[in-house]
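Scope of the values below: all heavy atoms of this structure, side chains included, with no hydrogens, waters or symmetry mates.
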Amino acid sequence: IQKAMDIIGFSREEVTSILQVVAIILKLGDVELKGQFQANGMSSSYIVDSKGVKDLCELIGLRQIDFEQALCSRTVEARNEKVTTTLDSTQSYYARDALAKNVYDRLFNWIIGRINESIQITKSQEKKVMGVLDIYGFEITEENVFEQFIINYCNEKLQQVFILMTLKEEQRRSEE
């Protein structure tokens with residue numbers, strides 16, 4: 001991976017940052033949450049493994065208490081009043097997964113943008129295009145796990161980029 005990223009033009013710092021973000025995404029998937037009931041009968045959740053979360057929070061640069069609060073509660077502000085409610089374990093898992101997907105989406109889009117910058121050609125250079133297109137969609141399995149979601153998401157993004165490039169090239173040719 002390092003050699004490929006060197007060829008594309010990623011700096012060592014960028015590669016390190018990418019790998020740290022990937023580690024954060026993977027560690028987010030390991031965060032285990034449990035449900036419980038508070039004294040008032042409301043359901044809430046908590047993080048089971050504090051050591052794994054400690055490592056994750058060190059990577060993120062966030063205090064562990066703030067991270068747990070972000071996953072296990074929701075704060076709504078209206079008219080200068082803040083109301084914090086607890087989330088049950090299902091809602092907390094949803095928040096965890098949404099965070100992981102959002103971080104992955106931002107990383108993926110940044111990498112694509114960075115690659116596009118590095119392979120950008122000037123008008124005097126000859127244009128070479130390499131296209132990769134996966135026409136298959138979601139596999140039919142009992143359950144699509146997060147890893148399969150990531151693979152399918154990458155494939156869909158690649159397909160969108162390929163179609164956009166093809167359409168732009170065809171439009172450019174028809175205008176000539």
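The only member of L33, T86, D88 that meets side-chain contact (heavy atoms from CB on, under 4.5 Å) when paired with C72 is L33.
Taking CG of N102 as the reference point, atom CG of L107 lies at 11.5 Å (rounded to 0.5 Å). The CD atom of Q20 sits 11.0 Å away from atom CD of E13, with the distance rounded to the nearest 0.5 Å. Rounded to the nearest 0.5 Å, atoms CD1 (I112) and CD (Q160) are 11.0 Å apart. Going from atom CD of Q64 over to atom CD of E58 covers 9.0 Å, rounded to the nearest 0.5 Å. Atom-to-atom distance recorded for K101:NZ and L99:CG is 11.5 Å, nearest 0.5 angstrom. Atoms CZ and CD1, from F10 and I111 in turn, are 6.0 Å apart once rounded to the nearest 0.5 Å.
At distances below 3.5 Å, not a single donor-acceptor pair connects side-chain atoms of D66 with backbone N or O atoms of L62.
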Quick one: do V21 and S17 satisfy side-chain contact (heavy atoms from CB on, under 4.5 Å)? Show the steps, please.
-> CA-CA 6 Å; V21 173; S17 295; 5.5 Å; no
Check the pair V31 / Y93 against side-chain contact (heavy atoms from CB on, under 4.5 Å), numbers first and verdict last.
-> CA-CA 9 Å; V31 173; Y93 272 118; over 6 Å; no
How far apart are the C-alpha atoms of R74 and T84, what are their side-chain angles, what is the distance that settles it, and do they pass the side-chain contact (heavy atoms from CB on, under 4.5 Å) test?
-> CA-CA 6 Å; R74 171 180 44 235; T84 301; over 6 Å; no
Taking it one step at a time, do M5 and E14 satisfy side-chain contact (heavy atoms from CB on, under 4.5 Å)?
-> CA-CA 9 Å; M5 292 181 129; E14 288 173 325; over 6 Å; no
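R96 approaches G29 most closely through the heavy-atom pair NH1-O, 3.4 Å. The shortest non-hydrogen separation linking R114 to G9 is NH2-O, 2.7 Å. L71 and L87 get closest at one heavy-atom pair: O-CD1, 3.5 Å. Shortest non-hydrogen contact noted between I25 and A100 is CG1-O, 4.3 Å.
Between K27 and L59 the shortest side-chain heavy-atom distance falls below 4.5 Å. Looking only at side-chain heavy atoms (C-beta outward), K82 and V76 stay at 4.5 Å or farther from each other.
Summarising the hydrophobic clusters (Ile, Leu, Val, Met, Phe, Trp, Tyr; side-chain heavy atoms under 4.5 Å, direct or chained), the residues clustered with V48 are Y46.
Around atom CD1 of I65, no more than 12 heavy atoms belonging to other residues, nucleotides or ligands sit under 6.0 Å away. Heavy atoms from other residues, nucleotides or ligands lying under 6.0 Å from CZ of F108 number more than 12.
Salt bridge annotation for E175-R172: absent, with no cationic side-chain nitrogen under 4.0 angstrom from a carboxylate oxygen.
The same ILVMFWY cluster, assembled from side-chain heavy atoms under 4.5 Å apart, contains both V22 and V53. Under the 4.5 Å side-chain heavy-atom criterion for ILVMFWY residues, no single connected hydrophobic cluster contains both Y94 and F67.
Here D49 pairs with K51 under the side chain to side chain contact (heavy atoms under 4.5 Å, CB included) rule; sequence neighbours left out.
Counting only N and O atoms by type, the side chains of S45 and S92 include a donor and acceptor under 3.5 Å apart.
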